[in-house]
Every structure is written in C-alpha cells, then in structure tokens.
K.L.:
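Below are the structure tokens for one structure; questions will follow.
Hydrogens, waters and symmetry mates are skipped; everything else that's a heavy atom, side chains included, is used. Just so it is clear: chains get the letters A, B, ... in the order the sequence lines come, proteins before strands, and each one is counted from 1.
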Amino acid sequence: MPSLVWTEWRHLPLAEEISPKLLQEQLDGGQSFRWQGLPDDIWRGVLGSCLIEVRAARGGLDWRGWEKQVDAGRMLRSYFDAEGKQALAVDQLPWRSDKVLASAIKNFSGLRILRHDPHETLIGFLCSSNKRIIQIKLMVATLARTMGEHIVDDYYAMPTWARLARATDAELKACALGYRAAFIRGTAQRLEARPHWVDEMQKLSTTELLVELQKLPGVGPKVASCVALFGFGRLESFPVDTWVVQALASAYQLKRWKPEQLAEFGKTHFGASAGLAQQYLFASARAGLLSVATDVKPRTLKRKSKKSPKRRG
DNA sequence: ACCCAGGTTGTCA
DNA sequence: TGACAACATGGG
C-alpha cells in the first residue's frame, strides 16, 4: 500500500488576497463538504482523486498534494478562480444602491464561489435536506470511505454513480443517509446510464439546466440551484434555503414570501451574479451579521403545541 | 422528550 | 395549484 508523502509547499497566486478567515468560509461554509480544518489554518481535502492541503498566504494560497498525483495545480487554479473573474461579477451586483448587500459583501470581502465538480456537488446536496453542514460532511465522507476509490491512507474519492447504483441497502444504511438513500440510489440509477450528463447539461441555458436537474430524484429547486451554482459555475443561480429565506425576510422586509417568490426576487434584484449575492447573504446570516429589522425570528414565535396532533382546516 | 437541520416528495383540498 | 405532514438521523 502506498504511503502518504507530501510534495513541498508551492505557491498558487490568486488575483486577490485571501485571509485565513475567508478561506475557512469558502471551504467550510457550505459550498463544499470535502474539507477538514487542521491546525495552523491548514485545510485538507479530496478533490476528484487528488488529496490536497491549502493555506492562505500573501498573494494567494500555499498548497501541497500527495506526491503521486499530477495536475492538481491546474485544477486548483480553476477551483479558486485564480484569475479573479468573479471580482467583476461582484462589482456588477447592486451594492451601490443596496446597503444590506453592501454590508454583507463587506463582511466577507473577497468571498467567491468555488468551482466545484458537478458530480461531487450533486452527491453532497442530495444529502443536504434537513441536515446541518457538519452532518452532510459526515455523510459524504462515509459515502467515500464506503464506496469510493481508495487514494491513500484514509482518503477516498467520491463513489461513481455506477457504484452508487448498485449499492446494497446495508451499504447505504451504513452511511446514515436516512431517507436520502433513496435519492442517492434513484439519481445514481438515472445517471449511470448517462455518463456524459455533465457535458450535456453544461450546454444548456441555466433555466434549462435547472429543469433538467430537477428531473432527478431528490433534486428540487434548492438542490438544483446549488448544483448549478457551485457545480456548473452558473453565477446567476440563486439558491433559496432557510438562511436566505430568513435573511430576505428580515433585511429586505420580505416576510411570508415563499421560496419560489424569493428566488424570483433574487433573480431580478441581484441579476447576473445573484448567486454571489446569495453567498454573501448566506454567510452573513449564518454569522449573525445581518441587520435584522426589529422582529422576524420565526423560531421564537413557535410555541409547542399540546399533545394532540396539529390540524388545520 | 422535544426541536431543528443549506428540502423533497406525496397527499390531501 | 397550493398548503402541509412525512421522511431518517443526530445533536443541542
């Protein structure tokens, strides 16, 4: 069995500086579920079949990989948008006329959308419903360890759809997926018969892409939006999750708006870079940094009901 | 014991 | 269409 020997640390220049705090938000803030934090602000993760460590450094990132792998550097340049293409996209957001957005951008200045692998993104967000990020990370890690190709030590690639399609009930059960196991299996059975689905879907318009993704079991509007944004790099895609619902309700006075309506609001208000706006709002909301206009705290409004089941009518 | 979690699906009216 | 509960599992 090969042993884990790291390459020397190398430098990856980025168009913009990145701080340790920002790196943490990007790698562990719900875009990817594959990174683990180590001491000294180092992050270790598996991308595709590459095992990688990164840390913030002046002018960009320092990184190293398992010595027996190649091409990781090229992938990282894309992954972190080394050319800085997203800077323009951020500038195109309506922050000049939107103080809430301006504040959110300032909170996490330099935050970018990772260019993640569509396949891995889909698996991750198929696991995401009704789960915290930490739990999603655990499910994804277990899927890899159970059915993914071994890389080195305790590191594994994500399983292929073909492998997932023929996973036994026991294997899926061991991954603690709960009811999401049927999502994974169902989608796997569809996609194993469609090996070029990424290339095919990349050709679609974003609207068409969202429709196509939602034909897969376990993929609704929110998961599709995340896959389009993080996996296919569609910066206009605007995922509406519980945090965004709360953020828009409080900071934008959009109480009682349904997710579908909020998605439409995001699309029209934030425009071609709506996904980036979403990520700033999401991060700010999670950090408790959004100016909550007086009220709106749904959880405090909920009172426990009596023992009889709730009815409405 | 109870509530909630980067939602989706099935099932009622 | 549109609202709502069920869905498995783990942590606070």
K.L.:
Scan the side chains in residues 215-229 of chain A for donor-acceptor partners under 3.5 Å anywhere in the protein, sequence neighbours excluded, and list what turns up.
P.N.:
unit_1   : atom_1 : unit_2   : atom_2 : d
A:Lys215 : NZ     : A:Glu212 : OE1    : 3.1
A:Ser225 : OG     : A:Pro221 : O      : 2.7

K.L.:
Take atom CG of A:Asp241 and atom C1' of B:dA5, then tell me their distance rounded to the nearest Å.
P.N.:
11 Å
K.L.:
Answer yes or no as to whether C:dA6 has its base stacked against A:Tyr179, where stacking requires a ring-centre separation under 5.5 angstrom and planes under 30 degrees apart.
P.N.:
no
K.L.:
Other than A:Tyr156, which residues form its hydrophobic cluster under the rule that side-chain heavy atoms must be closer than 4.5 Å?
P.N.:
none
K.L.:
Please list all pairs passing the side chain to side chain donor-acceptor pair (under 3.5 Å) test where one or both residues lie in residues 92-103 of chain A, with sequence neighbours left out.
P.N.:
A:Asp91-A:Arg96, A:Asp98-A:Tyr252, A:Asp98-A:His269
K.L.:
Checking contacts here: which listed nucleotide (B:dA5, B:dG6, B:dT8) is nearest the side-chain heavy atoms of A:Asn130?
P.N.:
B:dA5
K.L.:
Taking only residues two or more places apart in sequence or in another chain, which ones pass side chain to side chain donor-acceptor pair (under 3.5 Å) with A:Glu208?
P.N.:
A:Ser205
K.L.:
How close or far is atom C1' of C:dT9 from atom CE of A:Met139, stated in whole angstroms?
P.N.:
8 Å
K.L.:
Provide, to the nearest angstrom, the distance between the CG atom belonging to A:Leu213 and the P atom belonging to B:dG7.
P.N.:
17 Å
K.L.:
Could you state the atom-to-atom distance from CD1 of A:Ile133 to P of B:dG7 in whole Å?
P.N.:
10 Å
K.L.:
Enumerate the residues from residues 257-279 of chain A whose closest heavy atom to DNA chain B is under 4.0 Å, giving them by residue number; use none for an empty result.
P.N.:
A:Gln278, A:Gln279
K.L.:
Applying a 4.0 Å non-hydrogen cut-off, can you work out what A:Lys137 is touching in the nucleic acid: base, sugar-phosphate, or nothing?
P.N.:
nothing
K.L.:
Protein-nucleotides 10-12 of chain C N/O pairs closer than 3.5 Å?
P.N.:
unit_1 : atom_1 : unit_2   : atom_2 : d
C:dG10 : O3'    : A:Gln135 : NE2    : 3.3

K.L.:
On the nucleotide B:dA5, are OP1 or OP2 found under 4.0 Å from the side-chain N or O atoms that A:Thr242 carries?
P.N.:
no
K.L.:
Any side-chain donor paired with an acceptor under 3.5 Å for A:Trp197 and A:His119?
P.N.:
no
K.L.:
Under the rule for salt bridge (charged side-chain N to carboxylate O under 4.0 Å, His left out), what residues qualify as partners of A:Asp41, not counting sequence neighbours?
P.N.:
none
K.L.:
Between atom CG in A:Leu210 and atom P in B:dG7, what is the gap in whole Å?
P.N.:
17 Å
K.L.:
Apply side chain to side chain contact (heavy atoms under 4.5 Å, CB included) to A:Ala193 and list each qualifying residue two or more places apart in sequence or on a separate chain.
P.N.:
none
K.L.:
Between atom CG in A:Leu122 and atom C1' in B:dT8, what is the gap in whole Å?
P.N.:
14 Å
K.L.:
Among pairs that include at least one residue of residues 106-116 of chain A, which meet salt bridge (charged side-chain N to carboxylate O under 4.0 Å, His left out), considering only residues two or more places apart or in two chains?
P.N.:
A:Glu16-A:Arg112
K.L.:
Base, sugar-phosphate alone, or nothing: which one does A:Arg180 contact when heavy atoms must sit under 4.0 Å apart?
P.N.:
base
K.L.:
Between A:Arg234 and A:Gln202, is the side-chain hydrogen bond (donor to acceptor under 3.5 Å, both in side chains) condition met? List the steps.
P.N.:
CA-CA 10 Å; A:Arg234 307 301 176 95; A:Gln202 189 63 275; 3.0 Å; yes
K.L.:
With rounding to whole Å, what would you report as the distance between C:dA8 and B:dT11 at their P atoms?
P.N.:
13 Å
K.L.:
What integer number of Å spans the P atoms of C:dG2 and B:dG6?
P.N.:
27 Å
K.L.:
What's the CG-C1' distance between A:Leu172 and C:dA8, to the nearest Å?
P.N.:
13 Å
K.L.:
For residues 158-175 of chain A, which residue pairs pass the salt bridge (charged side-chain N to carboxylate O under 4.0 Å, His left out) check, not counting sequence neighbours?
P.N.:
A:Arg163-A:Glu171, A:Asp169-A:Arg185
K.L.:
Please state how far atom CZ in A:Phe33 lies from atom C1' in B:dA5, giving the value in whole angstrom units.
P.N.:
12 Å
K.L.:
Return each pair, listed once, that meets side chain to side chain donor-acceptor pair (under 3.5 Å) where at least one residue sits in residues 46-57 of chain A; pairs must be two or more places apart or across chains.
P.N.:
A:Arg44-A:Glu53, A:Glu53-A:Arg64
K.L.:
Would you list the protein and nucleotides 9-13 of chain B atom pairs, both N or O, that sit under 3.5 Å from each other?
P.N.:
unit_1 : atom_1 : unit_2   : atom_2 : d
B:dT9  : OP1    : A:Gly218 : N      : 2.9

K.L.:
Of the non-hydrogen atoms in A:Tyr280 and A:Gly110, which two are nearest, and what is the gap between them?
P.N.:
OH-N, 3.8 Å
